[in-house]
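Heavy atoms only: backbone and side chains are in, while hydrogens, waters and symmetry mates are out. To find a chain, count down the sequence lines: A is the first, B the second, and so on, and within it residues start at 1.
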Amino acid sequence: MSSEIRVTVDGVVHPVQPGISAGELLRQFANGTRPVAARVNGKVVDLSRPVSEDATIEPVSADSAEGLEILRHSTAHLMAQAVQSLYPGTQVTIGPTIEDGFYYDFAPPRPFTVEDLPKIESKMRELVKADLKVERVEMGREEAIALFDSMHEQYKVEIIRGIPEERVSLYRQGDWIDLCRGPHVPSTRYLKAFKLTSVAGAYWRGDERNAMLSRIYGTAFPSREALEEHLRLLEMARARDHRKLGREMGLFFFDPIAPGSPFFLPKGAIIYNQLIEYVRRLYRRYGFEEVITPQIFKNQLWRTSGHWDMFREHMFLTTDGENPAGELDYGVKPMNCPSHAVMYRSDKRSYRDLPIRLADFGRLHRAERSGTLHGLTRVRAMAQDDAHIFCTPEQIAGEIDLNLRMVREVYEALGFGNIELKLGTMPDKHLGSEEEWRKREEVLAGAMRRNGFDFELNPGEGAFYGPKIEIYVPDALKRKWQVATIQLDFNMPERFDLEYTTSASTQARPVMIHRAVLGTLERFIGVLLEHTGGVLPFWLAPEQVRVLSLSEKVEDYAREAAELISRTGFRASADLRNEKLGFKVREAELARIPYMAVVGEREAASRMVSLRRLRGDKNQPLTLDALLELLKAEPLPC
RNA sequence: GCCGAUGUAGCUCAACGGUAGAGCAACUGACUUGUAAUCAGUAGGUUGCCAGUUCAACUCUGGCCAUCGGCUCCA
């Protein structure tokens, strides 16, 4: 009959009968582990999967990345089962795992609300207690289509129709069954620690022309403790939400009178302007020239640039009131590039002039859809550390290098060790041949490799006029926001008929590179606040030193000390209120002021301060001169 | 824009068909202070806006606005 096969578990070879399940083998030979799945010859499969040939078998524990994903995916199934038993007539669609959890999209008779979640959770717990076996079932495509059709699961039918394979796998638990590739945990009792977190609308297949489905988000962990820890971290992340910090630190606010448009208070404006000053210093080193351009242009400009067709729905249109028809014949700029093209065109250019690097902190306005606005990270009024480089085709690589070096310098200086680079490649709607595109994409990819950056592809996410490098930074809740960008543009020079005279006295078309390093300043400040929890580097702190007086007796000295510090060029104030020191310290700590200089009668007599650092050392006695030296030694990023 | 939720004093929240209340902040006074909240008093609101139901609406209904979580879009 069947001869024995050789399975390797934990480095030991065992002869066994073929057909025995991976789970059974692990139970026998890998004692003490409690896997959720098995890895057979490198492939992760159900524990129930029979092993029919020589194999190396390893346990996949719930703590591993793959195990956790299986756990969450199985929890998504559990949730779908609970939902369908509680809300008859609800169709299932898809339910993938995501970073930190999972979701499942349903087509219910009425959309779910958060009030439904506790009910669903308790149903899920019931199903866990029932210890339902999770079984893999394979069947032919047509058979599966007939099955789901009989269950009135039209979305599943649509999904299977899109699957090329002839056989598909389904998973059954109790009387519930779902199309799924798997693998899954062997039984519902493996799912102990889960929580449903939120509901949301989501379009079928992510297309807003399709039906709006009802999505439920949740998360699952191997243990109660791990789940609690996760929820605790989420709570802490919410404490460093930039919208909350902005209010607490008195940096900015929003008013319904200008949706999506932040008001920067004096302290917020200091951060804003310090960042601009920083970038200006960099510009001097990197060879950029700052310009100032108009805010409002006749629509003719947008027709020429292509924004009229591509971006008009996001533009604020206006008029000077002089045209008799009352037509909106002007547009407020959403981007700086067209005016820079106009500036380039304002003079005859030679190859000797190139590259020309025009930088512009001009204010931009974009009519973002109301539902997309989000604190400082998604606004309608903004400024970028924007620049456009006009260069010859030969100069492209060097210019990309220059900007990548600048990106590296800035993000290192500001303590972002977690930037992510992506290469946005040719979109469906594009100008130019595929061959040209691949060449240009390779130029960007090569530059990133040359500069030692890892990057991922973002397929089809390039601009219609050229590929782009996108740089992302996460916020406190790990949501990624694009900040810096470097984009090649072969279209705008064409549209504006830009030219330069070559060394052979012929006319040639320059290439345009759109780039921003901080990106949108509003967004950058938002992620910077979340990244730092509001504890900004000294040079960015709106208030750098606060002198705290101990009593009225030292008021004059405290005032004098603060004035001296201010005169020396630092942002300082004195807190002379009739309050206890602990109270003033607390307020200064909450305001995230880097240095607190405490002065009492002792200090006044010796012209000293007792220095306290934000969230750091205290009671450091210093003379006023020593304090000034210490402040002067605080580093600028450049 | 779409789905769901929320909107009460400057901030954080309570009350819930019978003309709104706390803590902090503000203001006044006392205290004269040693490294994350001294005490007392005063003032502050057409409960986001507009309609409707009702003898009576912060509370119920509808519309609008804004915000939050997502989707779509995107820096």
Would you mind listing every salt bridge (charged side-chain N to carboxylate O under 4.0 Å, His left out) that reaches into residues 512-532 of chain A, with sequence neighbours excluded?
A:R363-A:E522
Geometric cation-pi criterion A:K333 and A:F297, 6.0 Å radius, 45° cone
no
Under 4.0 angstrom, heavy atoms only, what part of the nucleic acid is A:F112 near: base, sugar-phosphate, or nothing?
sugar-phosphate
Counting only side-chain nitrogens and oxygens, does A:R243 get under 4.0 Å of the OP1 or OP2 atom of B:rC68?
yes
Across all strands, who's sitting opposite B:rA40 as a Watson-Crick or G-U wobble pair, both distances under 3.5 Å?
B:rU28
Identify whether any heavy atom of A:R215 sits under 4.0 Å from a base atom; if not, whether one sits that close to sugar-phosphate; answer base, sugar-phosphate or nothing.
sugar-phosphate
How would you label the contact of A:E603 with the nucleic acid (heavy atoms, under 4.0 Å): base, sugar-phosphate, or nothing?
base
Using a 4.0 Å heavy-atom cut-off, does A:T485 contact any base of the nucleic acid, only the sugar-phosphate backbone, or nothing at all?
nothing
Can you tell which of B:rC71, B:rU67, B:rA75 lies closest to the side chain of A:K468?
B:rA75
With rounding to the closest Å, how many angstrom separate the C1' atoms on B:rU8 and B:rU47?
4 Å
In whole angstroms, how far is the C1' atom of B:rC74 from the NE2 atom of A:H307?
13 Å
Pairwise P distance, B:rC39 and B:rG23 [rounded to whole Å]
12 Å
Would you mind reading off the distance between A:Y595 atom OH and B:rU35 atom C1', rounded to a whole angstrom?
17 Å
Nearest-angstrom distance from the residue atom OH of A:Y217 to P of B:rA5
17 Å
What I want to find out is whether A:R357 reaches A:E399 closely enough, with some N-O distance under 4.0 Å, to be called a salt bridge.
yes
Within the structure shown, what part of the strands sits under 4.0 Å from A:K584 by heavy-atom distance: base, sugar-phosphate, or nothing?
nothing
Pairing of A:R612 and A:D617 as salt bridge, 4.0 angstrom limit:
no
For the aromatic rings, using the six-membered ring if either is Trp, is the centroid distance between A:W481 and A:Y472 under 6.0 Å?
no
So what does A:R366 hit on the nucleic acid, given a heavy-atom distance under 4.0 Å: a base, only sugar-phosphate, or nothing?
base
Taking only the C1' atom of each, what is the distance from B:rG7 to B:rC58 in whole angstrom?
11 Å
Using a cut-off of strictly less than 4.0 Å, decide whether A:H374 has a side-chain nitrogen or oxygen near OP1 or OP2 of B:rG70.
no
Distance-only donor-acceptor test (3.5 Å): side chain A:S610, base B:rU35
yes
OP1 or OP2 of B:rG34 sitting under 4.0 Å from any side-chain N/O of A:K618?
no
The side chain of A:R247 is closest to which nucleotide in this list: B:rC11, B:rA75, B:rC2?
B:rC11
Between B:rC3 and A:R110, is there an OP1 or OP2 to side-chain N/O distance shorter than 4.0 Å?
no
Closest to the A:L550 side chain: B:rU33, B:rG4, B:rA36?
B:rU33
Please work out which of the three classes, parallel, tilted or perpendicular, describes the rings of A:H374 and A:H242, given edges at 30° and 60°.
tilted
Integer-rounded Å distance: B:rG34 C1' and A:K553 NZ:
12 Å
Please give the distance between the C1' atoms of B:rG17 and B:rA57 as a whole number of Å.
6 Å
Considering every strand and a 4.0 Å limit on heavy-atom distances, what is the contact class for A:G424: base, sugar-phosphate, or nothing?
nothing
Identity of whatever pairs with B:rG4 - Watson-Crick or G-U, under 3.5 angstrom
B:rC68
How many Å lie between CD1 on A:I469 and P on B:rA75, as a whole number?
14 Å
Under 4.0 angstrom, heavy atoms only, what part of the nucleic acid is A:E587 near: base, sugar-phosphate, or nothing?
nothing
Winner on side-chain proximity to A:T372, out of B:rA75, B:rU35, B:rC71, is B:rC71
Distance check, P atoms only: B:rU72 and B:rC65, in whole angstrom units.
23 Å
With the side chain of A:Q487 defined as its heavy atoms from C-beta on, choose the nearest nucleotide among B:rA75, B:rU35, B:rU67.
B:rA75
Between A:V585 and A:S198, name the one whose nearest nucleotide on RNA chain B is closer to the 5' end.
A:V585
Length of the CD1-P vector between A:I593 and B:rA36, whole Å:
15 Å
Quote, to the nearest angstrom, the P distance that separates B:rG34 from B:rG29.
23 Å
Taking any heavy-atom pair under 4.0 Å as a contact, classify A:A200: base, sugar-phosphate, or nothing.
base
Describe the nucleic acid contact of A:E589 in one word from base, sugar-phosphate, nothing, applying a heavy-atom distance below 4.0 Å.
base
Checking all strands, does A:E368 fall into the base, sugar-phosphate, or nothing category for heavy-atom contacts under 4.0 angstrom?
base
Of the listed nucleotides B:rG34, B:rC2, B:rC31, the one nearest the side chain of A:L581:
B:rG34
For B:rC24 and B:rU42, measure between their P atoms and round to the nearest Å.
14 Å
Tell me what A:R479 touches on the nucleic acid: a base, only sugar-phosphate, or nothing, going by heavy atoms under 4.0 Å.
sugar-phosphate
Length of the line joining A:L548:CG and B:rU35:P, which is rounded to integer Å:
12 Å
Remember a base hit wins even if backbone is also touched, and classify A:K480 as base, sugar-phosphate or nothing at under 4.0 Å, heavy atoms.
nothing
Can you find a side-chain donor-acceptor pair between A:E634 and A:Y595 that sits under 3.5 Å?
yes
For A:L376 and A:P111, find the nucleotide of RNA chain B closest to each by heavy atoms; which residue's nucleotide sits nearer the 5' end?
A:P111
Taking CG from A:D617 and P from B:rA36, how many angstroms apart are they, rounded to a whole number?
13 Å
Provide the distance between the two P atoms, one in B:rU61 and one in B:rA5, to the nearest whole Å.
12 Å
A:R240 bridged to A:E248 by N-O distance under 4.0 Å:
no
Return the nucleotide paired to B:rU61: Watson-Crick means purine N1 to pyrimidine N3 with N6-O4 or O6-N4, wobble means G-U with N1-O2 and O6-N3, both under 3.5 Å.
B:rA51
Cation-aromatic face contact A:R72/A:F221, 6.0 Å, 45 degrees:
yes
Mark yes or no for a side-chain to base donor-acceptor pair under 3.5 Å between A:R378 and B:rC73, with no hydrogen or angle criteria applied.
yes
Nucleotide opposite B:rA14 in a Watson-Crick or G-U pair, distances under 3.5 Å
none
With distance as the sole criterion, is a donor-acceptor pair present between the side chains of A:Y87 and A:D116 under 3.5 Å?
yes
Which part of the nucleic acid, if any, lies within contact of A:Q482, taking any heavy atom under 4.0 Å across all strands shown: a base, the sugar-phosphate backbone alone, or nothing?
sugar-phosphate
